[in-house]
Asks: 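Here it is, the structure, as structure tokens.
Only a predicted model underlies this, so the values are computations on that prediction, with no experimental measurement involved.
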Amino acid sequence: MLCDKCKKRNATVMYKQTVNGVSEQMALCSECANQMSIGGLFDDDFNFFGSLFKGNSTLPTEEKVCTLCGSTFDQIARDGKVGCAKCYEIFEDRLRPSIERLHGRTKHVGRTPKGSAQRDEKQEKIKELKEQLAKAIEKENFEEAAKLRDEIRGLEG
């Protein structure tokens, strides 16, 4: 879906404003959304206004839009169907609790195709190492960070 303002870039932000009971909604790219906001308060991953004034419908709100299929979380919740695989990444924070309630967990347990268990273990190890790397960098332990970086590269390569 293209940005309603510039008509050039993909829309990643759904902008909705209600004034005196009249709603206006626009699909915007992140650049146009930042241009329209005061001091760049709109961000793809954080709704500054919404977090401060939750429930006040007179303020503009922003909603994430799937960059692949154009679905919003409200559409997914209304239809009960996820638009595409990318939606699981984009709306992970909001989908995870529902999936856990429905299935009891968010990680697959059961039979898998040959070789997928090893790939999953490898991906889990890489994720764990990346978390350790971030902590090492934060603590400015660069020797440990270099070792972790090399180990991650070895697993990825």
Side-chain angles (χ1 to χ4, degrees), residues 1-3 5-6 8-16 27-55 59-77 80-157:
M1 172 186 325
L2 286 178
C3 174
K5 187 174 180 190
C6 70
K8 294 177 185 174
R9 293 175 289 274
N10 283 332
T12 58
V13 176
M14 188 60 67
Y15 176 80
K16 183 177 181 181
L28 301 169
C29 65
S30 56
E31 285 183 39
C32 290
N34 281 328
Q35 287 172 1
M36 290 179 66
S37 67
I38 300 167
L41 295 175
F42 283 100
D43 181 300
D44 287 350
D45 298 320
F46 185 66
N47 181 346
F48 181 81
F49 286 126
S51 66
L52 286 178
F53 307 104
K54 207 156 197 103
L59 293 173
T61 59
E62 151 190 16
E63 186 174 3
K64 290 182 191 174
V65 177
C66 178
T67 55
L68 188 61
C69 70
S71 294
T72 64
F73 184 78
D74 287 342
Q75 290 171 328
I76 293 169
K81 296 178 186 176
V82 177
C84 68
K86 184 83 172 161
C87 289
Y88 286 100
E89 292 174 32
I90 293 173
F91 305 114
E92 178 184 11
D93 57 330
R94 296 183 72 187
L95 287 172
R96 182 175 293 277
S98 298
I99 293 170
E100 284 177 344
R101 263 195 318 277
L102 287 169
H103 299 287
R105 59 181 55 128
T106 58
K107 191 168 185 170
H108 174 73
V109 176
R111 295 181 65 188
T112 58
K114 266 188 181 176
S116 68
Q118 289 84 8
R119 282 191 304 274
D120 290 346
E121 286 176 19
K122 186 176 172 182
Q123 291 301 319
E124 199 62 37
K125 178 70 174 169
I126 290 170
K127 182 179 176 182
E128 186 178 305
L129 289 171
K130 285 183 178 182
E131 289 171 3
Q132 292 175 13
L133 175 63
K135 289 178 185 174
I137 291 170
E138 188 176 302
K139 293 179 182 178
E140 296 183 6
N141 185 352
F142 298 115
E143 289 177 21
E144 179 69 19
K147 289 177 188 174
L148 291 167
R149 179 203 60 210
D150 294 341
E151 191 174 348
I152 291 168
R153 283 183 181 168
L155 287 170
E156 288 178 335

Asks: Mind listing the closest non-hydrogen atom pair of G70 and Q75 along with its distance?
Replies: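 Looks like O-OE1, 3.8 Å.
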
Asks: With sequence neighbours excluded, tell me which residues meet salt bridge (Lys or Arg N to Asp or Glu O under 4.0 Å) with R94.
Replies: none

Asks: If you apply the rule side chain to side chain contact (heavy atoms under 4.5 Å, CB included), what do you find for K64 with T72, and how did you get there?
Replies: CA-CA 6 Å; K64 290 182 191 174; T72 64; over 6 Å; no

Asks: If I take atom CG from residue D93 and atom CZ from residue F73, how far apart are they, to the nearest 0.5 angstrom?
Replies: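 Going from the CG atom of D93 to the CZ atom of F73 covers 8.5 Å.
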
Asks: Enter the distance from E128:CD to E131:CD here, rounded to the nearest 0.5 Å.
Replies: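 Here the rounded value is 7.5 Å.
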
Asks: Evaluate the criterion side chain to side chain contact (heavy atoms under 4.5 Å, CB included) for residue pair C6 and C29; output intermediate values, then yes/no.
Replies: CA-CA 8 Å; C6 70; C29 65; 4.0 Å; yes

Asks: Does any non-hydrogen side-chain atom of L155 lie less than 4.5 Å from one of K125?
Replies: yes

Asks: For a side chain to side chain contact (heavy atoms under 4.5 Å, CB included) check, start with the C-alpha distance between I152 and L129, then their side-chain angles and the critical distance, and finish with the verdict.
Replies: CA-CA 7 Å; I152 291 168; L129 289 171; 3.6 Å; yes

Asks: Nearest 0.5 Å please: distance from the CD atom of E144 over to the CD atom of Q132.
Replies: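 If I round to the nearest 0.5 Å, the distance is 7.5 Å.
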
Asks: Just how far is it from atom CD1 of I137 to atom CZ of R149, taken to the nearest 0.5 Å?
Replies: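 Reported to 0.5 Å precision, the distance equals 9.5 Å.
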
Asks: Who pairs with R9 by salt bridge (Lys or Arg N to Asp or Glu O under 4.0 Å), at least two apart in sequence or on another chain?
Replies: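 With sequence neighbours excluded, R9 shows a salt bridge (Lys or Arg N to Asp or Glu O under 4.0 Å) to E31, given in chain and number order.
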
Asks: If you measure from CZ on R153 to CG on L148, what distance do you get to the nearest 0.5 Å?
Replies: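 So the gap between those two atoms works out to 12.5 Å.
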
Asks: Got a sec, which residues hit side-chain contact (heavy atoms from CB on, under 4.5 Å) with Y88, two or more places apart in sequence or on another chain?
Replies: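 Checked Y88 against side-chain contact (heavy atoms from CB on, under 4.5 Å); matches are V82, L95, I99.
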
Asks: Decide, yes or no, whether a salt bridge links E156 with K130 under the criterion of side-chain N to carboxylate O below 4.0 Å.
Replies: yes

Asks: Looking at C66, is its backbone amide N or carbonyl O close enough to the side chain of K86 to form a donor-acceptor pair, meaning the two atoms are under 3.5 Å apart?
Replies: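 Pair absent, no side-chain N/O of K86 close to backbone of C66.
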
Asks: What I'd like to find out is whether the side chain of I76 reaches to under 4.5 Å of the side chain of C87, using heavy atoms alone.
Replies: yes

Asks: Where do V65 and I90 come nearest, in terms of heavy atoms and distance?
Replies: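 Nearest pair, atom of V65 first, then I90: O-CD1, 4.3 Å.
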
Asks: Between atom CG of N141 and atom CG of L133, what is the distance when rounded to the nearest 0.5 Å?
Replies: 10.5 Å

